[in-house]
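Report on the structure given below.
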Amino acid sequence: MSIEINAVKRDVKGTGASRRLRRAGTVPGVVYGGGKEAVTLEINAKELFLEFRHEAFHASVLNLNLDGKKESVLLRDFQMHPVRNTIQHIDFQRVSATEKIHVKVPFHFINAEVAPGVKLGGGIVAHILTEADVSCLAKDLPEFIEVDVAKLEIGHSVHLSEIKLPKGVEFVQLAHGDDSAVASIAKTRGGVSAAADASETPEA
């Protein structure tokens, strides 16, 4: 999924200027890094929010079209209005094709319905982590990482070291010796009660 953001250079700076831009329906921002000077910019608020809603916008290499010149960038920071849920400011970082990047990538959990701990044990999948920081080249960056819980029993967990990653991608935590649990199967109180009730029911 390739996402393109259209922007124009912003000449005016300051808090007052940013307020005027927001009232006019644009979002102030900045793009920096890549050995170049930082450039202040503005983006149509409606167009930006349509893309911002997608999960891939937050964990993908984006195409920034700045005054007709395209650059590969990553979303690095943003500020939201506390009440209106509108984007107040946005930061992008240029990426190099030859340098590794660190990005938080979301987990997608699959096969929960067939996990023995769920299907037979009446448990539920507990998501301990919902994302993780990965290191890779921009071309290898995945939009998400699948976590297969098909074999989990009650009380068991799947750790970072057990997750299959695309070629060229590694978990930053794991590289530093932190093999955190990502998901586990927890026994529900309802499941325990239901089992107890069934055992106490007299035969017909």
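Computation of the quantities below employed the complete heavy-atom set of this structure, encompassing side-chain atoms and omitting hydrogens, waters and symmetry-equivalent molecules. Residue indices begin at 1 and follow the sequence shown.
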- Message: Within this structure, what is the NE2-CD distance for the pair His108 and Glu55, rounded to the nearest 0.5 Å?
- Response: 3.5 Å
- Task: Indicate yes or no: at least one non-hydrogen side-chain atom of Glu153 is less than 4.5 angstrom from one of Ile185.
- Result: no
- Message: Between Val31 and Gln93, is there a side-chain heavy-atom distance shorter than 4.5 Å?
- Response: no
- Message: Testing the basics here: between Leu141 and Ala59, what is the closest heavy-atom pair and its distance to 0.1 Å?
- Response: CD2-O, 3.6 Å
- Message: Run Val182 and Leu160 through side chain to side chain contact (heavy atoms under 4.5 Å, CB included) and show every step you take.
- Response: CA-CA 6 Å; Val182 175; Leu160 290 173; 3.6 Å; yes
- Message: His89 vs Val30, test: side chain to side chain contact (heavy atoms under 4.5 Å, CB included). Steps then yes/no.
- Response: CA-CA 8 Å; His89 192 277; Val30 64; 4.2 Å; yes
- Task: Evaluate the side-chain proximity of Asn44 to Asn6: yes if any heavy-atom separation is below 4.5 Å, no if none is.
- Result: no
- Leu48 side chain reached by Phe57 side chain, heavy atoms, under 4.5 Å: yes
- Task: Output yes when Arg10 and Glu42 qualify as a salt bridge under the 4.0 Å nitrogen-oxygen rule, no when they do not.
- Result: no
- Task: Considering non-hydrogen atoms only, spot the tightest contact between Gly117 and Ile154 and give its length.
- Result: O-CD1, 3.4 Å
- More than 12 heavy atoms from other groups under 6.0 Å of CD on Glu113: yes
- Message: Nearest 0.5 Å, please: how far is OG in Ser157 from CD1 in Ile128?
- Response: 5.0 Å
- Query: Once you round to the nearest 0.5 Å, how far does CG of Leu129 lie from NZ of Lys104?
  - Reply: 9.5 Å
- Message: Please evaluate residues Phe92 and Val39 with respect to the criterion side chain to side chain contact (heavy atoms under 4.5 Å, CB included), reporting the C-alpha separation (whole Å), side-chain torsions for both, the decisive distance (0.1 Å), and the verdict.
- Response: CA-CA 10 Å; Phe92 297 105; Val39 176; over 6 Å; no
- Measuring from Asn63:CG to Lys70:NZ, what's the distance to the nearest 0.5 Å? 6.5 Å
- Sub-4.5 Å side-chain heavy-atom contact between Lys100 and Leu137: yes
- Query: Under a single-linkage definition using a 4.5 Å side-chain heavy-atom cutoff for Ile, Leu, Val, Met, Phe, Trp and Tyr, are Leu174 and Leu165 assigned to the same hydrophobic cluster?
  - Reply: yes
- Message: So, taking the atom named OG1 in Thr86 and the one named CE in Met80, what distance separates them when rounded to the nearest 0.5 Å?
- Response: 6.5 Å
- Query: Under a single-linkage definition using a 4.5 Å side-chain heavy-atom cutoff for Ile, Leu, Val, Met, Phe, Trp and Tyr, are Phe49 and Val8 assigned to the same hydrophobic cluster?
  - Reply: no
- Message: Between Asn65 and Glu4 (side chain of the first, backbone of the second, donor and acceptor by atom type, cut-off under 3.5 Å), is there such a pair?
- Response: no
- For the hydrophobic clusters of this structure (ILVMFWY residues joined by side-chain heavy atoms under 4.5 Å, transitively), does one cluster hold both Ile124 and Phe109? no
- Query: What are the two closest heavy atoms between Asn111 and Ala150, and how far apart are they?
  - Reply: CB-CB, 3.7 Å
- Val105 to Pro142 - nearest heavy-atom pair and separation: CG1-O, 3.7 Å
- Query: Are more than 12 heavy atoms from other residues, nucleotides or ligands located less than 6.0 Å from atom NE2 of His102?
  - Reply: yes
- Let me see the working for Leu152 and Ser184 under side chain to side chain contact (heavy atoms under 4.5 Å, CB included), right down to the final yes or no. CA-CA 7 Å; Leu152 286 189; Ser184 64; 5.6 Å; no
- Query: Side-chain heavy atoms under 4.5 angstrom apart, residues restricted to Ile, Leu, Val, Met, Phe, Trp, Tyr: same cluster for Val147 and Val172?
  - Reply: no
- Query: Does a side-chain heavy-atom distance below 4.5 Å link Val134 with Ile145?
  - Reply: yes
- Message: If I compare all heavy atoms of Ala56 with all of Ser60, which pair ends up nearest, and what's the gap?
- Response: O-OG, 2.7 Å
- What heavy-atom pair brings Ser72 and Val61 nearest, and what distance separates the two atoms? CB-CG1, 3.8 Å
- Is there a donor-acceptor contact under 3.5 Å from the side chain of Asp77 to the main chain of Asp91? no
- Distance col, row Ile90:CD1 vs Gln79:CD, nearest 0.5 angstrom, shows 9.0 Å
- Item | Side chains of Phe171 and Ile163 in contact at under 4.5 Å (non-hydrogen atoms) | yes
- Query: In this structure, which one of Leu64, Val103, Leu62 forms a side chain to side chain contact (heavy atoms under 4.5 Å, CB included) with Leu74?
  - Reply: Val103
- Message: Using the rule that Ile, Leu, Val, Met, Phe, Trp and Tyr join whenever any side-chain heavy atoms are under 4.5 Å apart, tell me whether Tyr32 and Leu66 fall into a single cluster.
- Response: no
- Query: Counting distance only, does the side-chain N/O of His127 pair as donor-acceptor with the main-chain N or O of Thr130 below 3.5 Å?
  - Reply: no
- Query: Does a donor on one side chain and an acceptor on the other come within less than 3.5 Å for His58 and Glu131?
  - Reply: no
